Amino acid sequence: MRLHFRTAGESHGKALVALVEGIPAGLAIDAAAVDQDLGRRMQGYGRGARMKIEQDRIEWLSGVRAGETIGSPIAMLIHNRDWANWEEVMSAEGTPGELRRRRVTRPRPGHADLVGVLKYDRVDARDILERASARETTARVACGAVARKLLAEFGIDVGSHLVSLGGIRATAPSPLPTPLNAASDASPVRTLDATAEAEMITRIDTAKKAGDTLGGEMEVVVHGLPVGLGSHVAWDRKLDGRLAGMLMSIPAVKGVEIGMGFEAARRPGSEVHDPIVGATHASHLHTDPVDATHALHPHADARGGFRRLGNNAGGLEGGMTTGEPLVVRVAMKPISTLMSPLKTVNLATGTEANAVSERSDVTAVPAMGVIAEAMVALVLADAMLEKFGGDSVAEMRRNFEGYLASTGARWAEIRDTPAPEEEA
Ligand SMILES: Cc1cc2nc3c(=O)[nH]c(=O)nc-3n(C[C@H](O)[C@H](O)[C@H](O)COP(=O)(O)O)c2cc1C
């Protein structure tokens, strides 16, 4: 990995810290670009009271000077406004093992509470849930926003939209609107299907009344990628594996599909694989309405001069980008904290109990999509750095343009000077 990121911070601690290493010098960036994604992560119908308390914003600690990255590690601080209500409970001062207010001894099924208490030898599950909480993903989104800015320099756009919630499926328009987030962010559940949206909102209200929670699926779509990011030569360089690993690390995410996904396993190959054509035969078959890389580099072809008659592969073959849009779907289970709590064991008394019902979301699938965008942006920025390197954005751009110029000419060369014999 060329790009590294780390996060620190507890849900009700003083602040979160986000650290990104490996971003080249000369990337224009301001706090507003990061704050915009933090704001998007806080939205979504069905969120709990916490999101009304916080107003997430970053403060630069390092790595940015005069509105530009300088190549050094980028550190960002995000204050938890809720800290004011939790200072006594969460303070670093005190004696080990002391019993504090808001101790958690009734672990929630589906959360990290019980396993964490056993593994880390704790008596209070708060020591576990404070870090297991998805509040941590705020710092991931900050890191992802920096990666998104780097990708945008090369005409790459990362967006997402909701495809199912609580068992209700949305039908997305084809082609998808561009830019995708401008359309999906306008919906309270980030879906492009107004009829499904109304049903989903009713289902969230019903679940809330019943003290229950809901899961769902988001689809992340990336336009403007050049052919050939990632590699088939080593397992840990395959882009599909790198994407799936990062996406599966999001709390409550239980599945990732690329392109046609699991459905491909049920169909014959003739219905799955996308036929290849030369671009000259395919101008009317343009499957990518944005193709921002083309707009940036009108003489270059980000797809090597070839096109696919479809995109069931979701923009990946052999662990490498094909240049078609990347399409990844991410499934999130229902939130583990139920207001009508599930059965558990009280760790203080050993008796049967109801699991703790701390203030919580009914669903957070729309927000999960913003986190998934961040994870995808970080993987892709890493793959861009792997392919094009460079200590400055200008150096990276020279490498990128040189590659597009030579790769983009390949189809024309093949067409104009065909090989004498057909290969076996
Ligand atoms: C954006 C987002 C918000 C979440 N909000 C909550 C919440 O309010 N309450 C809760 O119990 N779990 C919430 N979760 C899920 C838990 O963080 C997650 O289920 C838990 O950490 C256990 O991890 P696992 O589900 O990956 O096993 C949220 C997850 C995400 C991605």
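Predicted model only: the values in this text are computed from it and were never measured. Atoms within each ligand, like the ligands themselves, are counted from 1 in listed order.
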Selected option - heavy-atom contact closest to [atom], from [options]:
atom	options	value
atom 2 (C) of ligand 1	A252, A134, A112	A134
atom 7 (C) of ligand 1	P334, P366, S360, S133	S360
atom 10 (C) of ligand 1	I335, V356, V362	I335

Using the salt bridge (charged side-chain N to carboxylate O under 4.0 Å, His left out) criterion, which residues pair with R398? Sequence neighbours excluded. none
Which ligand 1 atoms are under 4.0 Å away from a heavy-atom of [X]?
X	value
K254	24 (P), 25 (O), 26 (O), 27 (O)
A364	1 (C), 2 (C), 3 (C)
T337	9 (N), 10 (C), 11 (O)

Quiz: residues 249-256 side-chain donor-acceptor pairs under 3.5 angstrom, not counting sequence neighbours:
from: S249; atom 1: OG; to: R140; atom 2: NH1; distance (Å): 2.9
from: S249; atom 1: OG; to: M246; atom 2: O; distance (Å): 2.7

Out of curiosity, is M332 lining ligand 1, as in a heavy atom under 4.0 Å away? yes
Identify, for [atom], the protein heavy atom at the shortest distance, and state residue, atom and that distance.
atom	value
atom 21 (O) of ligand 1	A132 O, 3.1 Å
atom 19 (O) of ligand 1	S336 OG, 3.5 Å
atom 16 (C) of ligand 1	H111 NE2, 3.8 Å
atom 22 (C) of ligand 1	G110 O, 3.7 Å
atom 31 (C) of ligand 1	P251 O, 3.4 Å

What I'd like to find out is whether the side chain of [X] reaches to under 4.5 Å of the side chain of [Y], using heavy atoms alone.
X	Y	result
M218	L247	no
H12	W83	no
L38	R57	no

Does R47 reach ligand 1 with a nitrogen or oxygen that is under 3.5 Å from one of the ligand's nitrogen or oxygen atoms? no
With only distance considered, is D361 within less than 3.5 Å of ligand 1 through an N or O on each side? yes
Report the C-alpha distance between K343 and N354 in whole Å, list the side-chain angles of each, state the deciding distance to 0.1 Å, and finish with yes or no for side-chain hydrogen bond (donor to acceptor under 3.5 Å, both in side chains). CA-CA 5 Å; K343 288 283 168 238; N354 287 330; 2.9 Å; yes
Electrostatic pair R108-D113, nearest N-O below 4.0 angstrom: yes
Do we see a donor-acceptor contact under 3.5 Å between the side chains of S187 and E197? yes
Heavy-atom distances under 4.0 Å are what count here, so tell me which part of R108 touches ligand 1: side chain, backbone, both or neither. side chain
At under 4.0 Å between heavy atoms, what of I371 touches ligand 1? The answer is side chain
A372 and V220 have their tightest heavy-atom pair at CB-CG2, 3.7 Å
D127, I128, V115 screened by side chain to side chain contact (heavy atoms under 4.5 Å, CB included) with Y120, the one that passes: I128
